[in-house]
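Okay, so here's the structure we're looking at.
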Amino acid sequence: MNVNVPGSARLSPGTDPRPAALRVLLALGVVFLMLATTGWTAVHRPDAGTSLRAAGLAAWSATRIGGRTVPPADAPVRTVARFFAGLDASARTHLADAHPFVVGNLAGAPAELRYRANAQALLLAEQVELARSRDVSLTPADRTAAGRRAHRFASLAEPGRQVLAFDPTGGGRVAEVFGDLDRAERISVIVPGVDTDAVTFERTQRRLTSPVGMAESLYAAQRAAAPGARTAVIAWADYTAPAGVGVDAATGRMAVDGAARLEALAAALPGDATVALFCHSYGSVVCGVAAHALPERVTDVVAAGSPGMRAGSVAELRTSARVWAMRDAGDWIADVPHLEVGGLGHGADPVSPEFGARLLSSAGARLHTGYFEPGTDSLDNFAKIGTGAFGSVACATGDDACRRGISGTDAD
């Protein structure tokens with residue numbers, strides 16, 4: 001059993017090991033108490049979307065257009081991009097309309113085509129959920145859940161929304177774009193944490209705790225900070241996140257799948273825009289697992305309220321991107337044990353000095369979910385990183401430590 005406790009490796013010969021061992025035991029106690037009180041989370045996920053996606057994949061695999069076989073739904077980004085580049089507008093539109101649940105999720109397909117496909121997929125999924133909400137053979141709880149999903153899908157299908165990915169399977173996965181993705185010179189991607197699915201993708205109450213609210217807040221802050229900059233923000237909930245603070249949230253299993261999907265997104269983004277990832281809570285675990293495989297266009301990775309990035313240091317992330325971290329003083333995530341024992345836990349604390357991240361101020365943020373609130377140092381820093389204004393980011397230490405070594409700043 002491997003135990004990774006930040007700082008334990010720095011004990012010099014002859015140092016009494018008992019304090020470090022005690023810290024490990026206390027941390028393990030917290031982990032197992034968490035699992036005992038929250039349960040080994042097994043949340044029922046709606047299965048209505050499974051048939052829609054499965055039917056779409058089956059139909060796609062048998063499709064030919066202009067005498068050509070379509071690429072597999074899991075084909076590499078470049079293969080998909082070449083395929084669509086060889087089609088005229090009419091053929092592209094036909095495929096999007098006939099196979100919305102596939103084309104809407106094809107990394108490498110043109111963004112505008114994916115928006116069109118997903119608008120149709122959302123309307124189809126809404127009709128399925130509306131029917132379920134009236135099905136007396138279902139339990140009242142299932143009918144209520146179906147009604148909520150139908151409402152959310154209808155909202156996402158409203159004209160003008162740019163849904164880049166949509167899969168109704170299980171809790172549902174969604175990604176939405178704010179701004180002009182094709183013309184953007186800088187793209188920001190928000191990677192959220194636990195309890196994120198299609199229904200919680202946006203909220204009326206506590207709006208800024210949802211991916212849509214976070215993205216809207218960041219996009220507005222970027223436009224205010226740099227009105228002439230061509231930016232786009234993606235609310236990216238296109239992975240299956242843990243439900244609740246249980247064993248799934250304490251392990252990296254879901255982060256591994258999420259990381260693969262995040263890598264595909266970064267590889268498929270149009271143009272040559274630089275990319276910054278803003279990773280909140282368990283989302284920072286996803287970003288940490290993905291870090292080593294991200295393309296060089298990803299220049300910045302920001303971890304906010306992180307339980308760990310499944311690495312002992314920035315060096316262990318093996319990324320060329322700048323790594324930033326912040327945590328509000330009242331954020332409960334600080335009490336999560338920063339270790340990894342037999343797959344449980346996510347490693348070193350990203351805001352600890354030994355981790356080596358650039359530490360950002362989060363002054364004004366409230367607790368674990370307040371990092372995207374207007375008027376906070378955290379949102380202001382996100383906007384500056386997203387627009388490339390590194391010279392004016394506010395460091396947690398009150399000096400220029402987090403800006404050092406960045407070309408074009410007064411601390412380079």
Side-chain angles (χ1 to χ4, degrees), residues 45 104-105 111 114-115 118 122 125 148-149 151-158 160-179 181 187-222 231-244 249 254-255 257-259 261-262 264-266 269 275-287 290 301-307 333 365 367-374 376 378-379 382-383 385-386:
R45 297 285 195 181
N105 296 286
R114 293 177 67 175
Y115 301 159
N118 285 319
L122 283 157
R148 292 182 66 201
R149 284 164 62 86
H151 173 76
R152 176 63 60 236
F153 297 163
S155 174
L156 287 167
E158 290 176 355
R161 300 196 72 164
Q162 302 178 133
V163 177
L164 188 66
F166 170 64
D167 181 353
T169 304
R173 297 194 294 255
V174 191
E176 184 175 10
V177 176
F178 298 85
L181 192 62
I187 298 171
S188 298
V189 180
I190 293 172
V191 185
V194 301
D195 290 328
T196 300
D197 57 22
V199 171
T200 61
F201 184 64
E202 60 178 337
R203 291 187 172 104
T204 302
Q205 303 294 328
R206 300 189 301 124
R207 185 178 68 87
L208 296 180
T209 66
S210 71
V212 166
M214 294 175 183
E216 288 178 330
S217 183
L218 178 56
Y219 186 53
Q222 289 182 352
T231 64
V233 177
I234 301 175
W236 189 80
D238 193 25
Y239 82 104
T240 301
M254 289 183 165
D257 176 69
R261 302 182 70 84
L262 183 59
L265 169 79
L269 290 172
V275 179
L277 305 181
F278 297 90
C279 318
H280 179 245
S281 194
Y282 190 85
S284 68
V285 184
V286 176
C287 292
V301 176
V302 185
S306 174
I333 206 76
L367 309 177
H368 187 59
T369 57
Y371 295 100
F372 289 85
E373 289 280 352
T376 60
S378 50
L379 180 62
F382 294 162
I385 291 171

Practice problem: Taking Gln162 for its side chain and Gly179 for its backbone only, find out whether a donor-acceptor pair lies under 3.5 Å. | Solution: yes
Exercise. Classify the ring geometry between Phe153 and Phe166 as parallel (under 30°), tilted (30 to 60°) or perpendicular (over 60°).
Key: perpendicular
Quiz item: For the residue pair Gly386 and Phe278, what are the closest heavy atoms and their distance?
Solution: N-CZ, 4.0 Å
Exercise. Apply the test side-chain contact (heavy atoms from CB on, under 4.5 Å) to residues Tyr115 and Leu181: give CA-CA distance (whole Å), side-chain angles for both, the deciding distance (0.1 Å), then the verdict.
Key: CA-CA 11 Å; Tyr115 301 159; Leu181 192 62; 3.8 Å; yes
Quiz item: Distance-only, no hydrogens or angles: does the His280 side chain make a donor-acceptor pair with backbone N or O of Thr209 under 3.5 Å?
Solution: no
Exercise. Would you confirm whether Arg173, through its side chain, and Asp167, through its main-chain N or O, come within 3.5 Å as a donor-acceptor pair?
Key: no
Practice problem: Test side-chain contact (heavy atoms from CB on, under 4.5 Å) on Val233 and Gln222 and set out the steps. | Solution: CA-CA 9 Å; Val233 177; Gln222 289 182 352; 3.6 Å; yes
Quiz item: Going by the angle between their ring planes, with limits at 30° and 60°, are Tyr282 and Tyr239 parallel, tilted or perpendicular?
Solution: parallel
Quiz prompt | Any donor-acceptor pair under 3.5 Å from Arg207 side chain to Val212 backbone | solution = no
Quiz item: Taking atom CG of Leu218 and atom CD1 of Ile234, what is their separation to the nearest 0.5 Å?
Solution: 11.5 Å
Quiz prompt | Asn118 (side chain) donor-acceptor with Gly104 (main chain) under 3.5 angstrom | solution = yes
Quiz item: side-chain hydrogen bond (donor to acceptor under 3.5 Å, both in side chains) between Ser155 and Arg161: does it pass, once the steps are laid out?
Solution: CA-CA 9 Å; Ser155 174; Arg161 300 196 72 164; 3.1 Å; yes
